[in-house]
Every structure is written in C-alpha cells, then in structure tokens.
Amino acid sequence: LWDSVYFACCLRRGGGEKFEIWCSHGGFTFAGVKTELYFKMLNNAIKKIDLNKYRHAKYLLFIPLYMAIFWLEEKYITGGYFVSYMRLDSYIHFNEWFVIPYVLWYPLMIGAGVYLFLKDAQGFIGVGFLLIVIFYAIFPNGQNLRPRSFQNQNILTDIVKLLYKRDTNTNVLPSLHVVGTMGAMFALMKTKALQKWWIQTLNVVLAISICISTVFIKQHSILDVFTGVPLGFIYYFAVYKWLPQIKERLNRRKTVLIGH
C-alpha cells in the first residue's frame, strides 16, 4: 500500500513567496479522508500565506531576549541603585482606584501587539522594550514610594499588594508602562482600519489613564513618567518619520545603482 503513495512537495518563490504543494498518490486513505482531498485542502491553506506580509515576524525573537534580561534585572538589582524621585511625588497621594487602568496595560499590550502583527507591520515594530531593559542594566534604578500600609482594605488594595509582591520596586526609569502605552497608542492612531472617532477617543483616554495610574498606585515616580513620555514621542518619529525616510533614500540609491 505504501509503495503506491507518492508525495512531491515543492517550495517555490514567486507571487509573494507563497508555498505550493502538489501531491499525487495511489489512492491511500488516512483517517477516512483521501490523501488527494487532504493535500488539496492543505495546499489551498498554504497558498494564502504571504511571507512578504509577515517578514516583521523576525522581531518576535526579541521578546524572549527582553524577558530574560528583565527577569535577571528583577532578581539581581536589589540595592545600590539610583533612587527615582521628584518633590512632586510627595503631593501625589496613593489611590487604589488607579490600579484598574494600570492592569489594563497588560491586555492592551497583548491585544495591540497581536492586532498590529497581523494588520500593521510598521506599528508592530514600534512597540519594543529591549533598549530600555538594556538601559536598566547599565543604569540600575528604583523607587522607594510604596506605602507600608493602606488606609482602605478592599479588592483593589489586594490587587496592588499582589502587584507589589510580583513586581519589584526596581527598573522603573523610564517607565515601561508609559513607553509601551504611548507606542501602542501611536500605532493604533496610525492604523487605517481604526480611524473611527470613538475608537481613537477610547485609545487616547485609556493611554492617559494608564500613564497617570503608575504614579497614583506608587509603582513609579513622576520622574519615570517624565522620562517615558519623550521616549514615546521618539518611538513615533523613529517608526513613522525617520525609518520611512531612510528606507526611501536607500531605495533611491539602489535604483540609481541599478540604472548605472
């Protein structure tokens, strides 16, 4: 029976670097399905994959590297760090209600990351933390603003306690919450499919709420926010202004060289 089965798989570049599979066989049946029908379905599915569209997938390799570096920093940077503080911090009182927008950062990063990966490669590239965690390693920092006790005892303060337990008070300057939020906000702003006014209003309100929340639950000093905001704008100009200009110049040079 196996001698009657013949599989020929070809990898062909062209038409957007799509994969195509051809299969011929002698009538072998697997799980009640003819191999001819199975491979026809597989072939049609693979044809829909455009590798050019997902070339930015290589940037996913930075995620485990970022997480590994940040884990090491959280574990070993425990003292002797620069203390992030401004006098303005003393006038910002703890408010547990801000933990709600603070924790919304996590689904925002995951949701925006997945959506931008599938729909907007340029925006996906702009959301990255690797350079910041490298800065943490070069310039260890932390903050000493967390309250020792809470005036109120409720589910929100319980969430804050859990955050304090799982997240150290180090590696705060600049704030990853602020930089990541601004990166996601700008990327979603530039996404053509999300230009409805209510989506963009929600996008901006959520971003501002998350950035403010970092100081009200004492996860960050206001200095961390003040340094994170400019980095958010630098990300915007780097991804949407400077990089496209550089690419355009390189393409022009290639065209000139080919012409000669």
Side-chain angles (χ1 to χ4, degrees), residues 62-106 108-110 112-113 125-148 150 159-187 204 206-239 242:
F62 288 109
I63 295 178
L65 180 60
Y66 147 73
M67 294 180 68
I69 294 174
F70 189 70
W71 180 81
L72 290 171
E73 291 170 339
E74 289 282 278
K75 185 175 182 179
Y76 292 107
I77 298 178
T78 57
Y81 50 75
F82 169 81
V83 177
S84 180
Y85 174 78
M86 293 183 70
R87 185 175 296 181
L88 182 58
D89 288 313
S90 300
Y91 298 94
I92 302 174
H93 301 291
F94 175 85
N95 188 319
E96 68 268 22
W97 284 96
F98 280 93
V99 76
I100 297 174
Y102 184 88
V103 298
L104 287 177
W105 182 82
Y106 299 100
L108 173 65
M109 290 296 100
I110 296 172
I125 295 171
V127 185
F129 301 136
L130 185 58
L131 293 178
I132 296 177
V133 295
I134 292 175
F135 175 79
Y136 291 160
I138 298 172
F139 184 68
N141 58 79
Q143 54 90 2
N144 300 323
L145 298 169
R146 292 178 173 180
R148 295 183 178 179
F150 300 102
I159 295 173
V160 174
K161 290 176 185 177
L162 182 62
L163 286 171
Y164 286 179
K165 184 178 180 180
R166 295 190 174 277
D167 188 16
T168 70
N169 64 318
T170 57
N171 309 307
V172 295
L173 174 69
S175 168
L176 284 174
H177 252 69
V178 172
V179 177
T181 298
M182 292 191 67
M185 180 187 71
F186 286 132
V204 174
L206 179 60
I208 293 174
S209 300
I210 291 174
C211 293
I212 294 175
S213 72
T214 61
V215 295
F216 277 98
I217 67 168
K218 299 302 176 180
Q219 278 287 76
H220 286 279
S221 162
I222 192 68
L223 179 60
D224 308 333
V225 177
F226 287 164
T227 52
V229 169
L231 283 178
F233 281 103
I234 290 173
Y235 267 126
Y236 171 80
F237 283 103
V239 173
W242 301 331

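Contact annotation: the side chain of Asn144 never approaches that of Tyr85 to less than 4.5 Å [non-hydrogen atoms, C-beta and beyond]. Taking the side chain as every heavy atom from C-beta outward, Ile217 and Leu163 approach each other to under 4.5 Å. Counting heavy atoms from C-beta outward, Leu176 and Phe70 have side chains that approach closer than 4.5 Å.
For Asn95, the side-chain hydrogen bond (donor to acceptor under 3.5 Å, both in side chains) test picks out no residue, with sequence neighbours left out. Tyr164 is linked by a ring-ring contact (aromatic ring centres under 6.0 Å, His included) to nothing, counting only residues two or more places apart in sequence or in another chain. Contacts of Gln143 classified as side-chain hydrogen bond (donor to acceptor under 3.5 Å, both in side chains), with partners at least two apart in sequence or in another chain: none. Tyr136 meets the side-chain hydrogen bond (donor to acceptor under 3.5 Å, both in side chains) test with no other residue; sequence neighbours excluded. Under the rule for a side chain to side chain contact (heavy atoms under 4.5 Å, CB included), the partners of Phe139 that lie at least two apart in sequence or sit in another chain are Phe82, Phe135, Asn141, Leu173. Among residues two or more places apart in sequence or in another chain, the side chain to side chain contact (heavy atoms under 4.5 Å, CB included) test is passed with Phe233 by Met182, Phe186, Val229. Partners of His220 by ring-ring contact (aromatic ring centres under 6.0 Å, His included), not counting sequence neighbours: none found. Residues meeting the side chain to side chain contact (heavy atoms under 4.5 Å, CB included) test with Ile222, sequence neighbours left out: Met86, Leu88, Asp89, Ile92, Val215, Val225, Phe226. Residues satisfying the side chain to side chain contact (heavy atoms under 4.5 Å, CB included) test with Leu72, not counting sequence neighbours, are Tyr76. Under the rule for a side-chain hydrogen bond (donor to acceptor under 3.5 Å, both in side chains), Tyr66 has no partner lying at least two apart in sequence or in another chain.
Scanning all heavy atoms of the two residues, the minimum distance from Arg146 to Lys218 falls at CG-O, 3.4 Å. Between Phe94 and Pro147, the shortest heavy-atom contact is CD1-CG, 4.2 Å. Of all non-hydrogen atoms in Ile210 and Ser213, the two that sit nearest each other are O-OG, 2.5 Å. Scanning all heavy atoms of the two residues, the minimum distance from Ala184 to Ala112 falls at CB-CB, 4.2 Å.
With hydrogens and angles disregarded, a donor-acceptor distance shorter than 3.5 Å links the side chain of His177 to the backbone of Tyr102. Put simply, the side chain of Ser175 never gets that close to the backbone of Val172: no donor and acceptor are under 3.5 Å apart. Between the side chain of Glu74 and the backbone N or O of Asp167 there is no donor-acceptor pair closer than 3.5 Å.
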Show your reasoning for whether side chain to side chain contact (heavy atoms under 4.5 Å, CB included) applies to Phe150 and Glu96. CA-CA 9 Å; Phe150 300 102; Glu96 68 268 22; over 6 Å; no
Determine, step by step, whether Leu206 and Leu108 satisfy the side chain to side chain contact (heavy atoms under 4.5 Å, CB included) criterion, reporting the C-alpha distance in whole Å, the side-chain angles of both residues, the deciding distance to 0.1 Å, and the verdict. CA-CA 9 Å; Leu206 179 60; Leu108 173 65; 4.2 Å; yes
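Note that CG of Leu104 and OG1 of Thr181 are 10.0 Å apart. Values are rounded to the nearest 0.5 Å. Residue Thr168 holds its OG1 atom at 8.0 Å from CD1 of Ile77, rounded to the nearest 0.5 Å. Between atom CD1 of residue Ile110 and atom CH2 of residue Trp105 there is a gap of 9.0 Å, rounded to the nearest 0.5 Å. Here Ile134 contributes atom CD1 and Glu73 contributes atom CD; the two are 9.0 Å apart, rounded to the nearest 0.5 Å.
Aromatic ring orientation, Phe98 versus Phe216: parallel (interplanar angle below 30°, classes split at 30° and 60°).
Within 6.0 Å of atom CH2 in Trp242, more than 12 heavy atoms from other residues, nucleotides or ligands are found, so the atom counts as buried in its surroundings.
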